[in-house]
Structure formats: structure tokens, C-alpha cells
Colleague: 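Below is a structure I'd like to ask you about.
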Amino acid sequence: MRHLLSINDLSASDAIGILDTATELARINDGQVKKLPTLRGRTIVNLFAEDSTRTRISFEAAAKRLSADVINFSAKGSSLSKGESLKDTAQTLQAMGADAVVIRHSASGAAQRLADLEWMSGSVINAGDGTHEHPSQALLDAFTIRKHLGKGASDLKGLRVAIVGDVLHSRVARSNVLLLSMLGADVVLVAPPTLLPVGVESWPATISYDFDSVIPNVDAIMMLRVQQERMSDLFFPNSREYSRYFGLNSERMSAMAKHAIVMHPGPMNRGLEIAADVADSARSVIVEQVTNGVNVRMAILYVLLAGGPLEVGSN
Ligand code: NCD
């Protein structure tokens, strides 16, 4: 595997290899060793042409913990904001000898375009392209679900996950549906019809418009941010109405199974798709998703740049 552009680049065993590597790296990280020498002398460029907090910092921390040199490149203050094409920017990065480029871009397909350039010799990792995919987020979500609910299994067979809200604008939803279903979970998408993409019927997931009927039957509820910045039309009457039907509040949370967890990729609109007390409750694994993100991104870099998954128990 050279690039990570889409979950479709992975087989189930590739995905499990990344999750197992992340588990192993987390074990090493929790011990005495904070930094591993694995990627010493390698250069990783974070090319972020769209806003990000968690993902950018997480990839940076992951690369540094593997001893790589990291160059952070954001659109603001660079020639990309002066209108330089992505291709010219990439050529500059290539000339500097980047071994991997982690790219976030507002255009769906931007990561693929970079990977398709015949002179691009490094690995390309998609850190979110438009409304298309966000594979590292899906991997960290699968890791979090497996850790809490996996009962020692390597995959997610038999688990039921609801993904709720603005599926239309969410690259997180698409990557998660592909990955979680590939790992054996049953995924249900819950959203108003206006926030579901065309063609969603062909996704490996069922669809519900009735959040309350889904809640007691799932092991994990993944709330999605209402992505106002991508909305040019009116997709729902008003925020109150949205929260009333599709928001996760404490009353709804009390209808969840005892063991079930609450997830959100962040950033959250507290009070819109998720109530503040739910986000901060004992069932919420939202902060832990961020922690797991570093280990999972270390695993992605490891697998791509060190040539394969880490042998379990090798350290
Ligand atoms: C997501 C993203 O950027 O796609 N956030 C993230 O990576 N943590 C989801 C979002 O923006 O709502």
C-alpha cells in the first residue's frame, strides 16, 4: 500500500493491520518510551488548505513521535492562497524530498489528484477532501469502537453503529460507512432526507428518519457536525427544529443501551447536534477519540512508510 486516499484502498485485513499496529503503538506510548526512532530522517509534509485543529495537530504529533521531520504548510500565508495551483505547490514539496504528504483540501478528489501526478514519489494521505472521504478519522473511530465494544475481537462483527446528522456534507460519514461495514458492523444512517446525499441507498448502510426508534438498538451513536459553512441552501427549518428531531440530548441518551457509547469527530456545535451535558457525560468517548487519533495516525504513517504493519509483541 502506497497511499491512503480512501477506505476503498484498504482490505479488511489491511484495516485490521492498522488498528493492531495502533494498539501496539498505544501500548508502547503508555509505557516509558514516548518517541520511537522508526521514521528518523524521513520528511512528512502537512499540507492543510482547509481549516483543521484536531487532524493537523494529530498528524503532527504522530509524525514527531515516530521521529520524522515535519513541515507544516497551511494555505494561509502560502502561495496557495495567492492562487498557485495545487500541482505547483506539490512540485515544490516533491523538490524538497517529502516522503509523505498529508493533505486536507476543500475539493473532493484533491488527494487523488496529488497521488496521480506521475512525478509524485511520496505517499499521499487524505486528511479530508471536500465532502468525499476522511479515512484516518474512520480508522480512529473504528479503533475507538473496537476498544470499547470489541470484546477482544479483531473486527466489529455484530456491532450496531448509528451515524446521525449532516451526512450530506460529511466525509467522516462516508469513510465510516465504508470501513465499519467492511469490518462487519451494521451501520444505520439517521438524518432528515434533505441531509442525505444522492445515491445513499447504494451505501452499505440502512437509513432511518426516526432517531428515537434507533437509539435503544445500537452500541454506538456517532453524531455529525451540522456543517453550516458548506450549506448554501436551507436544509432544515431552524436550529430548534433540528435539535428536536436529530439532536442528542440527555433524555435521548437515557434511552441508550447501558454499554453504548457517544462519539463525535469534532468540532462540535454544542446545543445543536449534541447537548453540552451529553458531550461531557461518562458515556462520551469524544476526548478519547482525539487521543486514539494520534496512535492511529502513527500506525498509518508506520504502515505506509515502514513498509507494513507492526508485528504484535515485537517491542
Ligand atoms: C471532521 C472533518 O474535518 O471532516 N473533523 C475532523 O476531522 N475532526 C468533521 C467536521 O468538520 O465536522
Side-chain angles (χ1 to χ4, degrees), residues 4-7 22 46-63 72 74-76 102-112 125-145 161-180 189-192 195-197 220-232 235-236 239 242-243 246-248 262-274 278-279 284-301:
L4 180 60
L5 307 174
S6 157
I7 291 299
N46 282 329
L47 170 54
F48 277 68
E50 197 189 69
D51 291 345
S52 168
T53 308
R54 273 157 274 264
T55 307
R56 187 177 54 76
I57 292 174
S58 180
F59 268 112
E60 182 175 353
N72 284 316
S74 62
K76 270 190 208 106
V102 179
I103 176 176
R104 166 164 291 198
H105 200 281
S106 58
S108 299
Q112 180 77 56
I125 299 169
N126 181 6
D129 62 327
T131 58
H132 178 229
E133 278 218 46
H134 194 351
S136 67
Q137 178 71 40
L139 285 159
L140 80 86
D141 291 334
F143 179 90
T144 306
I145 293 171
V161 182
I163 302 180
V164 186
D166 186 359
V167 178
L168 178 64
H169 300 105
S170 178
R171 49 202 178 202
V172 173
R174 186 190 305 268
S175 288
N176 261 301
V177 167
L178 293 172
L179 179 64
L180 300 179
L189 293 167
V190 183
L195 288 177
L196 287 170
I221 297 183
M222 186 184 295
M223 300 306 298
L224 299 173
R225 182 172 67 89
V226 175
Q227 302 200 20
Q228 268 137 346
E229 80 280 15
R230 295 192 210 273
M231 292 184 186
S232 46
F235 289 91
F236 48 86
S239 317
Y242 183 87
S243 304
F246 297 99
L248 186 57
V262 172
M263 307 173 76
H264 193 304
M268 290 181 272
N269 293 308
R270 285 172 183 255
L272 181 54
E273 71 268 2
I274 188 164
V278 173
S284 159
V285 297
I286 295 169
V287 176
E288 198 199 308
Q289 284 173 266
V290 179
T291 309
N292 293 340
V294 177
N295 290 312
V296 169
R297 287 172 176 127
M298 283 173 80
I300 292 169
L301 294 171

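All residue numbers in this chain count up from 1 along the given sequence. What you see below is based on every heavy atom in this structure, not just the backbone, and it leaves out hydrogens, waters and symmetry mates. Remember, it's 1-based here, ligands and their atoms both numbered in the order they're listed.
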Colleague: Starting at OG of Ser52, measure out to NE2 of His134 and round the result to the nearest 0.5 Å.
Modeller: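 Going from OG on Ser52 over to NE2 on His134, the span is 7.0 Å.
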
Colleague: Listed by chain and number, what are the salt bridge (charged side-chain N to carboxylate O under 4.0 Å, His left out) partners of Arg104, not counting sequence neighbours?
Modeller: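 Residues passing salt bridge (charged side-chain N to carboxylate O under 4.0 Å, His left out) with Arg104: none at all.
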
Colleague: For Glu273, which residues count as a side-chain hydrogen bond (donor to acceptor under 3.5 Å, both in side chains) partner, sequence neighbours excluded?
Modeller: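 Glu273 satisfies side-chain hydrogen bond (donor to acceptor under 3.5 Å, both in side chains) with His264, Asn269 only.
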
Colleague: Please name the pair of heavy atoms, one in Ile7 and one in Ser175, separated by the smallest distance, quoted to 0.1 Å.
Modeller: CG1-O, 3.5 Å

Colleague: Under a 4.0 Å heavy-atom cut-off, which residues neighbour ligand 1?
Modeller: Thr55, Arg104, His134, Gln137, Arg171, Val172, Arg225, Gln227, Pro265, Gly266, Pro267

Colleague: Applying side-chain contact (heavy atoms from CB on, under 4.5 Å), can you list everything that pairs with Val290, at least two apart in sequence or on another chain?
Modeller: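 side-chain contact (heavy atoms from CB on, under 4.5 Å) list for Val290, sorted by chain: Arg54.
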
Colleague: Drop me the distance from Asp166's CG to Leu195's CG, to the nearest 0.5 angstrom.
Modeller: 4.5 Å

